[in-house]
Amino acid sequence: MRCMSDDHTHVQEFFSARAADWDRRFPDDGPAYAAAVAELGLREGGRVLDAGCGTGRALPALRAAVGPSGVVLGADLTPAMLREAARAGRDRDGTLLLTDVAALPLRSSSLDAVFAAGLIAHLPQPGENLREIRRVVRRGGVLALFHPIGRAALAARQGRVLTPDDLRAEPNLRALLTGAGWRMTSYADEDTRFLALAVRDA
Ligand SMILES: C[S@@+](CC[C@H](N)C(=O)[O-])C[C@H]1O[C@@H](n2cnc3c(N)ncnc32)[C@H](O)[C@@H]1O
C-alpha cells in the first residue's frame with residue numbers, strides 16, 4: 001500500500017523531471033486556457049486559486065479576469081514547477097504557494113473560484129481533496145476541472161485505453177463531485193478540451 005508521502009514523492013519526481021520543458025511541450029495552449037478561465041465568470045476584484053498551477057500557465061488569464069484589485073493564488077506541490085512559474089514571470093500575476101491541495105493554507109469560504117488544470121488524475125484521494133478545495137470556496141463559488149485535450153485524445157497520446165472506471169468519465173465525475181459537496185453544472189469532453197464546471201452547494 002502507498003502512503004501519502006509516497007504519492008507526494010511520486011508526483012514531485014514526475015513533474016520535477018518535466019518542469020524545465022513543460023511550457024515548450026505545449027506552446028499553443030494559451031487560448032484554450034483563456035477560454036476555460038472565461039467560463040468561471042470571474043469579476044473585477046474576484047479571488048481565485050489555480051490548484052496544481054504547475055508553471056502557472058493559467059495565471060495571466062486569471063489575473064486578467066480579476067484585474068489588479070483581485071487576488072490570484074497558484075498552489076502546487078512541486079518546487080521545480082513553481083520555480084519555472086517564477087522564471088517565466090508568472091509570480092507577477094499571482095502569489096505562488098508551495099502546498100498540497102489536500103491541506104490548503106487558506107481561510108474557509110475565502111475564494112470565488114478554483115481553476116484546476118490537469119490536477120485531478122494526480123490526486124491520491126480525489127474525493128477528500130475536492131472537499132478540501134470546496135472548503136475554501138464561498139457558497140455559490142465555482143470549480144473548473146480543465147485539460148487542454150479531451151480524454152480520448154489524451155489516452156491515445158499516452159498509449160492507454162479509456163475504461164468505464166475512468167475518474168473523469170461523466171457519471172463517475174458527477175458522483176465524485178456530488179460526494180464532495182459540488183454540483184456539476186456542465187461537462188464537455190471534446191478532442192481539444194476537457195472542461196467540467198461545478199458550483200459549491202449550500
Ligand atoms: C499535469 S500538471 C498541470 C500543471 C498546470 N495546471 C498546467 O495546466 O500546466 C499537474 C500539476 O499538479 C501538481 N500536483 C499534483 N498533485 C498535487 C497536490 N496534491 N497538491 C498540489 N499540487 C499537486 C503537480 O505538481 C503538477 O504541477
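Counting convention: from 1, in listed order, for ligands and their atoms alike. Bear in mind that the values here come from a model prediction, so they are computed numbers and not experimental data.
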I'd like the name of whichever of G52, G118, A36 reaches closest to atom 4 (C) of ligand 1 through any heavy atom. G52
Evaluating non-hydrogen atoms only, which member of F115, F15, F146 is closest to atom 2 (S) of ligand 1? F15
Determine the minimum heavy-atom distance between [X] and [Y], stating which atoms define it.
{"X": "A58", "Y": "D50", "result": "CB-OD2, 3.5 Å"}
{"X": "V71", "Y": "R63", "result": "N-NH1, 4.4 Å"}
{"X": "L145", "Y": "I120", "result": "CD1-CD1, 4.0 Å"}
{"X": "R134", "Y": "D201", "result": "NH2-O, 3.1 Å"}

Quick check on contacts: which atoms of ligand 1 are under 4.0 angstrom from a heavy atom of M81? 27 (O)
Taking only heavy atoms of T78, which atoms of ligand 1 are found under 4.0 Å from at least one of them? 24 (C), 25 (O)
Any Lys/Arg nitrogen of [X] or [Y] sitting under 4.0 Å from an Asp/Glu carboxylate oxygen of the other?
{"X": "E84", "Y": "R87", "answer": "yes"}
{"X": "R90", "Y": "D93", "answer": "no"}
{"X": "R151", "Y": "D166", "answer": "yes"}

Below 4.0 Å from any atom of ligand 1, is there a heavy atom belonging to [X]?
{"X": "L123", "result": "yes"}
{"X": "C53", "result": "yes"}
{"X": "F26", "result": "no"}
{"X": "T99", "result": "yes"}

Compute both the distance and the angle, then confirm whether R18 meets the cation-pi test with F14: under 6.0 Å from the six-membered ring centre, within 45 degrees of the axis. yes
Does the Lys NZ or Arg CZ of R193 fall within the cation-pi geometry relative to F146 - under 6.0 Å from the ring centre and within 45° of the axis?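 Verdict for F146: no cation-pi partner in R193.
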List the closest protein heavy-atom neighbour of [atom]: residue, atom name, distance to the nearest 0.1 Å.
{"atom": "atom 27 (O) of ligand 1", "result": "D76 OD2, 2.7 Å"}
{"atom": "atom 15 (C) of ligand 1", "result": "V11 CG1, 3.5 Å"}
{"atom": "atom 19 (N) of ligand 1", "result": "D100 OD1, 2.8 Å"}
{"atom": "atom 23 (C) of ligand 1", "result": "L119 CD1, 3.7 Å"}
{"atom": "atom 7 (C) of ligand 1", "result": "Y33 OH, 3.4 Å"}
{"atom": "atom 20 (N) of ligand 1", "result": "V101 N, 3.0 Å"}
{"atom": "atom 3 (C) of ligand 1", "result": "A117 O, 3.3 Å"}

Any N or O on H8 sitting closer than 3.5 Å to an N or O of ligand 1? no
Can you find an N/O atom of R57 closer than 3.5 Å to an N/O atom of ligand 1? yes
Under 3.5 Å, is there a donor-acceptor pair between the side chain of R131 and the main chain of R135?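 No, the answer is negative, given that no donor and acceptor are paired below the 3.5 Å cut-off.
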Might you work through the side-chain contact (heavy atoms from CB on, under 4.5 Å) test for L73 and C53, ending with a clear yes or no? CA-CA 9 Å; L73 306 171; C53 66; over 6 Å; no
Once you restrict to heavy atoms under 4.0 Å, what part of L77 touches ligand 1? Side chain, backbone, both or neither.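 The answer is both, backbone and side chain.
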